[in-house]
Amino acid sequence: MSILYFFLYLLLVTIIGLLYMGAARKITAHIQNRYGPPVYQPILDVLKLFAKKDTASHGIMHSLGPVIAYTGIAATLLFLPLGNHTPLLHFNGDLFVVLYLLVVGPLGMALGAGESANSNATIGIARALSMMLGYEIIFFMATLPVFYHYGTASIYRVIQAQGAFPDWAAILFPISFIAGLFALQGLMGEKPFELVVAPHEIASGPMVEYGGKYLGLLQIWHAVGIIVETGLFVDIFFGPQSILWFFAGTFIVFFATVIVNAVMPRFRIEQAVRFYWGLPLLLSILGILQVYIWR
Amino acid sequence: MTVEETIKKDIETTFGELVRVEIERKHRVRAYTPRNMVLPMLAYLKQRGFHQFTLLTCVDWIKDGKFELVYNLYSLNYNVHVLISTKINRDKATMPTAINVYEMAFDYEREIHEMFGVEFEGHPRLDEFLLEDWKGIPPMRKDFDTRKYVEEKYGMKDLTKELFTRKEQPYRGPGSNG
Amino acid sequence: MKLFKFAQSRSLWMMHFCTGCGAVELPPTMTSRFDMERFGIIPMATPRQSDLLLITGYLTVKTLKRVVRAYEQMPTPRYVIGFGSCTINGGMYWDSYNVIKKLELYIPVDLYINGCMPRPEAIIDAFLKLREMIDKGEANAWKKYIENYEWYKKNQAEVFDVEKWSLKK
Amino acid sequence: MVSPILVIALSLFFAFVIPLLGMVSKKLPRLVPPLAMLVNLWILITNIKFVSRGAMLVTTAGLKPPIAINLAIDRFSLLFVILIQLIGLLLSVYYLSQDNRDQRFYMLFLLNILGASGIVMTGDIFNSFVFLEILEISSFGLVASKKDRKALEGGFKYMVIGAIGSSLYLLGIIVLYLTTGSLNMAEIAKLMPHIPESIKLFAALLLLAGIGVEVELFPLNAWAPDAYHGAKDEISTQLSSIISKAGIYLAARIFFTIFNGFYALKIIFYLGVITFVIAELAALMQKNVKRMLAYSSIGQMGLLMLILSLVAKRGDVFVITTVILLALNHAFGKGLLFLSLGALSGGNGEYEIENLGGNGRANPLAGFLFTVGALSIVGMPFFFGFWSKISALISLMKTNVIYLIALVLVISLVEIYYYGNVIVNLFRGEGKKYGISIVPAAVMILFALFVIVFGIWPHPVFQIAQSAAVSLIERTTYISSIIGGM
Amino acid sequence: MAMFYLLLLLVLVGIVSFVLGPIKVLRNIIAFLGAVTAFFYFLTNIKPGLIYSLNIRVYNVHFEAGFSSMFFGVIITALFIIFLIASFHEENDGAYYLFAYLTLTGALAVLFAKDLISFFFFFETMSLFSFLMVLKGKSDTSFRSAFKYLVWSVFGGYAFLMGTFLKVYYTHSVMIGDISYLAGGVKLLILILLLAPFAVKAALMPFHLWAPDAYKDSKDTFTVFFSGGLSKIGVFGYFLVLFKVFTEIAVKYPYFLKAFAWLGAITAALSGIYAFMQDDAKKLLAYSSISQLGYVAVGFGIYTHFSVVAALFHALGHAVFESLLFLVVAGVYYRTKTTDLRKMGGLIKRMPLSFIGLLFGIIATSGIPPTIGFPSKWLLYEALILKGDLLLTSLVFFASITAFLYSYKLVHGIFLGKLHEEHKNVKEAPLGYAFGTVVLLVPLLVLGIIPGLVIKPIDYIVRFYLKPELGYNLANMNTPLGHVNFPVVGLVMGLTFALSLFIYLIAGKSYRAEQTDNYTATEAIDEDFELHYAGEFYGFMKKAFGRPLTWSFEKILNAFLKLFSFLGEVARGFYMGDARVYLFYVIAFFALLAYLMGGKL
């Protein structure tokens, strides 16, 4: 029974993710003073992509790339408690399991794109991995004080430990929260840090050789990714929520990143990495010091 | 003594009767020089302040069997265009390159070589420029019949025949057909 | 599957490969005044990801080589829209030595928009026309390309060296 | 019992026979030295059993010790004599293969060996001065035998400083004679407590000057680099292996049996440290391999003297065995290095590191032997040098001079660095090929065998060194057996 | 007694294979059989607690097999067999195998040695013979790097010797015993001196300068044993010194441990950065090996039960995936005769098995769940958070991020991308390499899914010294902080992989586009168009790091060496000049002496 439940759960989250992406395009459109596509447009896009007759593939690894990417994000989803609703696994997802599974996605996509031997793809992958040096550290350093404060490494217990509104981790650790926001912008690959899929510079980066169903898989991967990344952020900083409030929280956070994305130009890669070693790093260190002093 | 006249007198004094200079209209002086006087003229004018090599064009006088190369120079402080035109015979058209005087001439000469078939001695790269793997004779020459080429290349023969036929226009001299 | 047909018509990803003078018409269609994204049409960077190819204006032999290669790199089903009269019969370049006269001979075209560069409204109208054609299942010019592949190749061979430029299927 | 006096008598006889034989035929003189060595060795070996307890007295011309010259041989001196004769034999066999020698060379060689073994065996101070003179003069001659500018310069410097040293040595002997009235070592040793401090110190210093030249202590070893550098390879081997060993014996004999070790030894300790540090550091900067080996051998001698001076503090048998081990390792290891360097550079004397590049690969045997020698001197495991270095460090620790261990380790690290530099250079790139005939190769392999075999199983050498050390420590038995035996 | 027979057996096999040098086949068989018998003999007869002392009159050597020596001994001997099998494909002479066997003997003897002097003796033999092995390397620079390796390891050895003598001087016993009861700063000095050789062996930051060159220039198959096996001696040394020699270190010198942990973290981070800047596969792997050993040092520095178990587990993991990576690169070198990432590419089409090996290797290196790399990293992080120094945790996390960068660059450089002309008909790596890859893959996955198998022996070792707090059984591990069930993680990943594969299959079919059918702004490209690039893969990071990247330990070391050469100059100055000057020296000396002694005359 749990397998069926597992599929439904994954399908539900994918659809919600796609709706988020539709909402994002709608919001960006309205910011640019135009109507923008219907909210369910990404779902149509994905269906169209899967309806594609035959697409080019450059080898087994090329076609398995998106498969591994989706595996990574789906597995992370299962280890991530959404609000106080834990997924089918009673095993309360551990921070490091989630962090390391999060990396499987980009690695799988990188392997696939590498096989396509397109210079644009290679530049895209190099940027994606170097960016990790930037935002991944800040994200980890931002969430570390919360885990240390509540004396546990499992996300589920962190959620339970936080009480009602006044004592959310976001309130207790404001500095880390802001640093976390900076990191989230990079983690989601939004505009100032949208170097990986920079359509104007490197023709949509690693996805340059992916068409048809591969692109469909990558779209779903991106959709679930949104839910997982914002979900992780909300879990850590906003304490116990019912499922509805959880998705509301994730939408608000996602809304913030989309707004920044709509108005910001794009960094150069070394600027982006160097940016992360400036203000956000300082903030996260302050956050850690705060934990030491406060505790 | 407007600026154009001073330049006209200046050119006439330095190059004497070899050069025929006339002021066509305000801001434009035209000089007809023989073939071998072009480069010294260019050098002299550059040194006199005509820094901008605006254009190099070629006119195909098929009747007289001549190509007319027109070098357009322009000076900012005088605000005057000087057009040096010279006539070279058509079949084996060769001309010394102007690159070492004006760098700008590099691409113009390549284009004219490709379109008219003028050989510029001393030009480093006279290979394919705009037209990719073009096999026929240089297309801008008058003896290249575009309509016949279009017919056998793209098969667009009937339409032009019955809709309108153009009678052969009489030749009314330079600058006349606008 | 009707749902797939619906999805295919509603989300057309346009290959941002503007070939002729019509390219200048596309920005206004994309931006806030006309906003073609309302109809699910967004410009994509690579042929692999797109299914709609716009030939906007006259097509010289040089760009034809690239267009054919881009066309073959697009996954099927793919649609082509020709802008202006130049794609129909060569337009005002009817007697020019390097402009191809009939786009039909080289790649199958689903839809033509007449007008010596149609305005954005005409373009949006064409997109909606294409959407209907897809819904009705008429827009299968791409099948023609696959069925009489040799004929297209023969025509192309007249104009440029096909061996070097076309993809080995 | 063949009296050891014959060793000296015979070599003298052979030395003077050579010119006669030289007239008969060119070939004969070359055979004489190996023959002499063999006979001497035979004599000595037969005498081993007589020396099991204390010292063995050999009187000359029937008169008892205080008056006549006599030989006093105990296990310690016997070990050194055998070592000197053995290396002498090996070198003389090495000379067999070179036929461009004139007989004068062989005479000098025999005199040199005679001098060395004489010093080691004699019981009489003045007699040791005489043998010291013979030794120095013959080695001047040997060094200068190459007749080119560098050799002559080296020889001249050696002679000047050698002369000064030996004259001071003679002064020391005179002072001792005036105070004790006798020339016999045992006699002086017996009367030593009665000599006033200042005179004892004055005599010790003077004697130290004489020995310092032989043992290459700091101020007195300025001649050594030029002499080693100038001389032919075999001669520098002789210099490093035989002559310096005789110097070590003399130092041990005088400063322990006679002076019974007193605070004058402090000076040797400091001199030893300075020599060791300065020589090794100087070697670091050398571009010429021969000169580098010279400095390294001075450094080793400095270390040896350093540990020798420690004996005085606490006459510990282990410390003396270390001295003997170091001496053996230095004799065989350094000898091997000089000989293989000769083979590597083909005897034409260009020893710069650059133009030696790749020779190791060109003539593999010489290269391999050079590496073995270097690894042993440096003290890598599975080589004899390892045991000598470890025991040196243990002895340093036993006489609780801890900070010195650090210094010795750092300096040996420097040693590895510059030896390694040479080895790496030897095996890189293309070098020139020089043929080596069988005989020299055999000699070198013998040297290498000693180092490797006793590296893996050092037990027998430890045994001999221990017994020799015991005999040096028992000063009273030495004295009683010489004088008491009246 | 069994230990002595084991060492004797190894030495004999070495000599026999040297003697049989020219007859290749026979020598290989003998060498292989020797290694296998040694391995099984090791497993059967060497029981922990076995004591044996050998008196060679001059000195008596004491052996004792502890649990840790069993643990490391098994790893090293197993890797030796894999190295041996792979090395049969290369043409190397008898001496090569003799030195290999003697290195192994030295390594095992070091594990057993009970007293410090014999520990030094065997440590030196191991360094000497591995120096000779590196000397037999393939390139002309191998001499320079081998020499550097020798000088460094002898430096380590001599520091150890100095520490030994200090210890003997103060505790009068040569045995590896506790020194924490000593008074004063001398025990810190002894500790540092004893730790030095193992910091050199396990390439801790300031002492790592020899490692990249030595790993790069030694013969490819030997690097497998060199980096996988011999570096474990360094880790064994950490364990030995920090636990056996200095038991109450946590009480007496907590700051030393903290500094040691920080040093390990800095090593991991910095060598990670150097790693992804390299363009040569073996240099990249060398730096990655140093970086992984940095984690082990961090584990020991934290000094809690969790962290030490994590460190030992990571050491085992390092032995597995590092040697796997080196083995695959060696196989690639065997076929394509190059390790330069710029010249390779697209080999996945020709060498699929090697690709799978390398893929799982890099997944393990970056510590992604199903493989052996993840449990140790997870436990290390738990220990770090439990210990409470969060900045150190962030630095370690930064270092593990660099792992993704350089491991991807490796896979991209060699296997992905466009196949070069000359590699068109390259065959799969030969049998020896393939066998080693498969053998190493098994533990990599099995121990990733059920780490309990290995945690038990490791816990058994550490339990003796530190109060056991890690709750574990075959499948999962829990600490006060969190709880992970590894098979479940693996299962979930398998399930989701099956799901996405299913989605992939039901969608439309795809055709195989060949190499030139690539989007290059629709330009036509032909065969030799250079589409794939791996050199300067992270070139722009140079700008991001900016100037700090140019500082290197090499410069500091050279400045230090200049001091010695200056001293040398001074010393040499003394010996210039001619006889007169020397004469002056002598007289001046005696004048000085006389003056000094003047009072007493």
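- Nearest approach of His412(E) to Thr122(A), heavy atoms of both residues: NE2-CG2, 3.1 Å.
- At a threshold of 4.5 Å between non-hydrogen side-chain atoms, the residues Phe502(E) and Phe7(A) do not count as touching.
- When all heavy atoms are compared, the tightest approach of Glu382(E) to Ala153(A) is OE2-CB, 3.3 Å.
- Inter-residue side-chain proximity for Tyr511(E) and Thr55(A) is flagged as unmet; no heavy-atom pair is nearer than 4.5 Å.
- The number of heavy atoms from other shown groups lying within 6.0 Å of NZ (Lys53(A)) is above 12.
- Residue contact with chain E, scored on non-hydrogen atoms closer than 4.5 Å, involves the backbone and the side chain of Leu111(A) alike.
- Note on Ile60(A), Leu217(A), Ile125(A), Leu289(A): by heavy-atom pairs under 4.5 Å with chain E, the leading option is Ile125(A).
- Using a 4.5 Å cut-off between heavy atoms, Ala121(A) does not touch chain E at all.
- Between the side chain of Glu209(A) and the backbone N or O of Tyr519(E), at least one donor-acceptor pair lies under 3.5 Å.
- When each of Tyr408(E), Tyr538(E), Phe404(E), Phe415(E) is checked for heavy-atom pairs under 4.5 Å with chain A, Tyr408(E) comes out on top.
- The two residues Phe96(A) and Phe374(E) make their nearest non-hydrogen contact at O-CE1, 4.1 Å.
- The shortest distance between side-chain heavy atoms of Ile123(A) and Tyr533(E) falls below 4.5 Å.
- Residues Ser116(A) and Asn518(E) share a closest heavy-atom pair of O-ND2, 3.0 Å.
- Remark: Lys213(A) is positioned above the aromatic ring of Tyr504(E), its terminal NZ or CZ atom under 6.0 angstrom from the ring centre and at most 45 degrees off the axis.
- One N or O on the side chain of Arg274(A) and one on the backbone of Lys543(E) form a donor-acceptor pair closer than 3.5 Å.
- For Ser63(A), the parts sitting under 4.5 Å from any heavy atom of chain E are the backbone and the side chain alike.
- Proximity to chain E (any heavy atom under 4.5 Å) is shown, for Glu136(A), by both the backbone and the side chain.
- A salt bridge links Lys349(E) with Glu115(A): at least one charged nitrogen is closer than 4.0 Å to a carboxylate oxygen.
- In terms of heavy-atom pairs under 4.5 Å with chain E, the best-connected choice from His58(A), Met141(A), Lys52(A) is His58(A).
- Looking only at side-chain heavy atoms (C-beta outward), Phe276(E) and Leu133(A) come within less than 4.5 Å of each other.
- When Leu386(E), Leu359(E), Thr393(E) are compared by the number of non-hydrogen pairs under 4.5 Å with chain A, Thr393(E) comes out ahead.
- Atom-to-atom distance recorded for Ile368(E):CD1 and Leu101(A):CG is 8.5 Å, nearest 0.5 angstrom.
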**Request:** Using the side chain to side chain contact (heavy atoms under 4.5 Å, CB included) rule, take Ser500(E) and Trp221(A) through it: C-alpha gap first, then chi angles, then the decisive distance, then the call.
**Result:** CA-CA 10 Å; Ser500(E) 44; Trp221(A) 165 60; over 6 Å; no
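- Rounded to the nearest 0.5 angstrom, Ile137(A) CD1 and Ser394(E) OG are separated by 8.0 Å.
- Among all heavy-atom pairs drawn from Ala75(A) and Thr496(E), the shortest one is N-CG2, 3.7 Å.
- The two residues Trp277(A) and Met541(E) have their closest heavy-atom pair at CH2-CE, 4.3 Å.
- Between the OG1 atom of Thr76(A) and the CE atom of Met493(E) there is a distance of 8.0 Å, given to the nearest 0.5 Å.
- Rounding to the nearest 0.5 angstrom, the gap separating the CD1 atom in Ile288(A) from the CG atom in Leu390(E) is 5.5 Å.
- The part of Tyr214(A) that comes within reach of chain E is its side chain, from C-beta onward, which places non-hydrogen atoms under 4.5 angstrom from that chain.
- When the shell of 6.0 Å around CZ of Phe360(E) is examined, it contains 12 or fewer heavy atoms from other residues, nucleotides or ligands.
- When the candidates Leu10(A), Leu107(A), Val273(A), Ile269(A) are compared by the number of heavy-atom contacts under 4.5 Å with chain E, Ile269(A) comes out ahead.
- Between Phe397(E) and Phe140(A), the ring planes lie parallel to each other; the angle is under 30°, not in the 30° to 60° tilted range.
- Residue Lys409(E): no heavy atom, backbone or side chain, is found under 4.5 Å from chain A.
- Here the side chains of Tyr70(A) and Leu499(E) are in contact, with some heavy-atom distance below 4.5 Å.
- Proximity of Leu501(E) to Leu64(A): side-chain heavy atoms (C-beta onward) are separated by under 4.5 Å at one or more points.
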**Request:** Check the pair Phe540(E), Arg268(A) against side chain to side chain contact (heavy atoms under 4.5 Å, CB included), reporting the backbone distance first and the verdict last.
**Result:** CA-CA 10 Å; Phe540(E) 47 78; Arg268(A) 271 209 328 265; over 6 Å; no
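- With values rounded to the nearest 0.5 angstrom, Tyr135(A) atom OH is found 8.5 Å from Ile401(E) atom CD1.
- Rounding to the nearest 0.5 angstrom, the gap separating the CD1 atom in Ile503(E) from the CD1 atom in Ile220(A) is 5.5 Å.
- Ranked by non-hydrogen atom pairs under 4.5 Å with chain A, the options Ile385(E), Val411(E), Ile362(E) are led by Ile385(E).
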